Amino acid sequence: MRATLRRLGDVIPLPVSVRPDPAANFLVSPTVSVSTDPAAADIADQLAELLRQATGHPVPVTGTGGSVEIVLGGYDKSEAYRIDIAAGGVTLRAGGNEGLFAAVQTLRQLLPVAEADEVTLPGGTIEDEPRFAYRGTMLDLARHFFTPDEIKSYVDLIVQFKINHLHLHLTDDQGWRLEIPGWPRLTEVGGGAGTGVGGVGGGFLTAAEYTDLVAYAGQRFVTIVPEIDLPGHVNAAQVAYPELTCDGEPVSPRTDAEVGYSSLCANRDETYAFVEDVIRTVAALTPGPFLHIGGDEAFSTPPEDYRRFLARVLPMPGKYGKRTVGWHEMAAVDLPPGAVAQYWRIEPADDGVARAADRGHQVIMSPADRSYLDMKYDKDSPLGLDWAGVVGVQRSYDWDPADRLPGVGEESLLGVEAPLWSETLRSPADIQFLAFPRLCAIAEIGWTPRAARNWPSFRERLATFGPRWTAQGINFHRSAEVDWLD
Ligand code: ACM
C-alpha cells in the first residue's frame, strides 16, 4: 500500500521556516539506514524505530553513509534544528540532542499515520527553534493518582508536540503522592486507597519510582517540575501528622473538591522543620532546575501569616540548589533571586506579577480561561470544570502570552504551561480527551514565532492529526471547530 504524502508544513507546532520542494521528495527505500554522530546514538535509535514502524523496513543504524543522516553542531542553541529532505537523502542537524529530538518529532509528523509499503517524505527544508524555553503541561496527581506507567504514556504523547516541562502537582488536600523518607505517614495515610476526589483511586510514587520517572522524562528532554503545594492545600499532610495543624488536633480526610480550607501554621517551628525536610528531599530527588512551592488559594492563612510563611519558605529551594516556582499569589511578597511566578487566574491585570516582572523575575503564563486543560470544551463536555468558562479549541489558541498581563511582556516570559487538574479525571483516556487537541494549541503558542501563527492555519493542520490519533488509539476530542480528516 502507498501512503498518502504529507505536506511539509503539516506540522504542529508550526516551524519557523518551511520551504517545500516537491521535486525533492524522498522515497524511504527498503535499504534505508540511519547514520549518526556517536553522541546522538539514542536519537538515531529512536528515529530508526519510527522509520521501521512506518515502513516495515529493517532500518539499521550505522556510523556513516546512511541515507538518513544525523549531524550534531552548526547551531549555538541546542534546541535549534534543520531538516533537509532531498531525493538522495535526509539530513537532521541540530545544535544539541534537544534539537535533534525536536527534529525527530517533526519528521515523525511527516511519516504516514500507519505502516505502508511505500512511504515518501515531502521534499524541502525546515529550519526551526522555539520561541520560549519553557513549554509545559501540568498533571494533578493529588485529586486523582496516575501510575508511573500512565504518566510515562503521557510523556510519550506530549513530546510529540515539543512540550519540554511536565509539572507534577504532587500534594493537595485529598492526597500526598510522593514518598518522603522520615515522614512515612504522608504516603501511608495520604496516599492510601480511596484518597482521590470522590473517594476513587489513590496511590503514590515511591522515591525510586519518582527517580525512574524523572529519568524517563529526561531521556525525552522533558524536565519534571515537582510541586509541593504550601501553605494551603495541606489537609492530607495534616491528616497524616496532626502536629502540622495550629492546635495539634486531628483533622478528617477529605475527598471533596473544595479548596482554601487548610493551612500550615506560620507561627510554629514544626511547620518549617517539616517544610524544609520535604523541600530538601524533593530537591535531592529532582535533577531539573525548578521546585514549585504552590502558594495558591491560601484562603485560610491570614495575610500576615502568608507573608511570614513565604519569607521563610521561598528561599528554601534556592538553599538546595533549585529555582523557586510558585503560583502567582506568592508575588505579593518580594521574591528571592531567580524565582518564577506562574500566573493562573482570569483577571486582565495583576499588580504582584507586574512588580515581579519589573524586578527581573520570569513568568510562566497559564491563564485558566485559555490554558487550563480541565475546563470544559463547551457546556456539553462530559469531563472538566467551568469556573473559568468553557474553553474551546480556538479559545485555547487565539491569544498571546505577551499580551496577557500589563507589565509582563515577551522579555519577562519564561514560557507557557497548560495545567490539567484531575477532579473529573479517572483514566488516561480522560487525560487524552481534555489534553488533545488543546495541548497542541498551547504547544504552538510556546514554540512558534508569534507572527507566523494564526487560527485558520492551525485549524487546518490540526485536522490532519485526526487519523493519526485514531491510529495511535488516542481518545482525542473531535471538536466541531475542526473539520477532521477521516
Ligand atoms: C490553581 O488553579 N489553584 C493554581
Side-chain angles (χ1 to χ4, degrees), residues 134 136-144 165-177 196-197 225-237 254 256-264 290-301 303 306 309-310 313-314 324-333 335 339-348 350 352-353 356 361-376 383-391 395-396 401 404-405 408 414-425 431 434-435 438-439 442:
Y134 189 109
T137 186
M138 185 207 85
L139 191 57
D140 173 6
L141 298 185
R143 275 53 172 270
H144 189 82
H165 288 78
L166 177 61
H167 166 183
L168 294 177
H169 184 74
L170 291 165
T171 67
D172 214 300
D173 290 318
Q174 297 82 355
W176 186 285
R177 309 297 181 201
V197 163
V225 181
E227 179 189 351
I228 305 296
D229 202 350
L230 307 164
H233 294 273
V234 292
N235 193 68
R254 298 264 305 248
D256 57 88
E258 285 302 306
V259 296
Y261 58 84
S262 64
S263 178
L264 291 176
F290 302 113
L291 201 157
H292 199 306
I293 55 82
D296 60 321
E297 297 175 316
F299 305 141
S300 60
T301 317
Y306 183 72
F309 179 86
L310 289 184
V313 170
L314 289 181
T324 303
V325 187
W327 299 109
H328 69 266
E329 286 98 317
M330 74 166 181
V333 305
L335 301 176
V340 178
Q342 181 170 14
Y343 182 72
W344 67 274
R345 287 285 315 170
I346 59 177
E347 286 73 21
D350 188 277
V353 182
H361 291 283
Q362 290 186 298
V363 174
I364 297 169
M365 207 49 93
S366 302
D369 54 345
R370 300 287 189 169
S371 73
Y372 267 33
L373 298 176
D374 58 308
M375 290 302 115
K376 289 175 179 283
L383 299 173
L385 308 176
D386 61 5
W387 64 263
V390 295
V391 181
R395 189 164 174 77
S396 69
R404 191 58 179 77
L405 291 180
V408 186
L414 181 61
V416 282
E417 181 183 298
L420 178 51
W421 302 93
S422 59
E423 288 93 333
T424 68
L425 306 186
I431 296 180
L434 289 173
R438 289 180 296 191
L439 182 61
I442 303 303

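Order of listing sets the numbers, starting from 1, for every ligand and every atom in it. Computed from a predicted structure; not experimentally measured.
Considering backbone and side-chain N/O atoms, W344 never comes within less than 3.5 Å of an N/O atom of ligand 1. Residue contacts with ligand 1: D296 is placed with a nitrogen or oxygen under 3.5 Å of a nitrogen or oxygen of the ligand (distance criterion only).
Ring orientation note: the planes of H328 and W344 are tilted relative to one another, at an angle of 30° to 60°.
Checked by atom type, the side-chain pair E297/W327 shows no donor-acceptor distance below 3.5 Å.
For the side chain to side chain donor-acceptor pair (under 3.5 Å) criterion with S366, the lone passing option out of H167, Q342, E417 is Q342.
Each of the atoms 1 (C), 2 (O), 4 (C) of ligand 1 lies under 4.0 Å from some heavy atom of W421. Of all the atoms in ligand 1, the ones that sit under 4.0 Å from a non-hydrogen atom of Y372 are 1 (C), 2 (O), 4 (C). Close contacts between ligand 1 and E297 involve ligand atoms 3 (N) [criterion: under 4.0 Å to a heavy atom].
For the pair D369 and R395, the salt-bridge criterion is met [side-chain N within less than 4.0 Å of a carboxylate O].
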Set out, in order, the CA-CA distance, both residues' side-chain angles and the distance that settles side chain to side chain contact (heavy atoms under 4.5 Å, CB included) for L264 and F309, then state yes or no. CA-CA 9 Å; L264 291 176; F309 179 86; 4.1 Å; yes
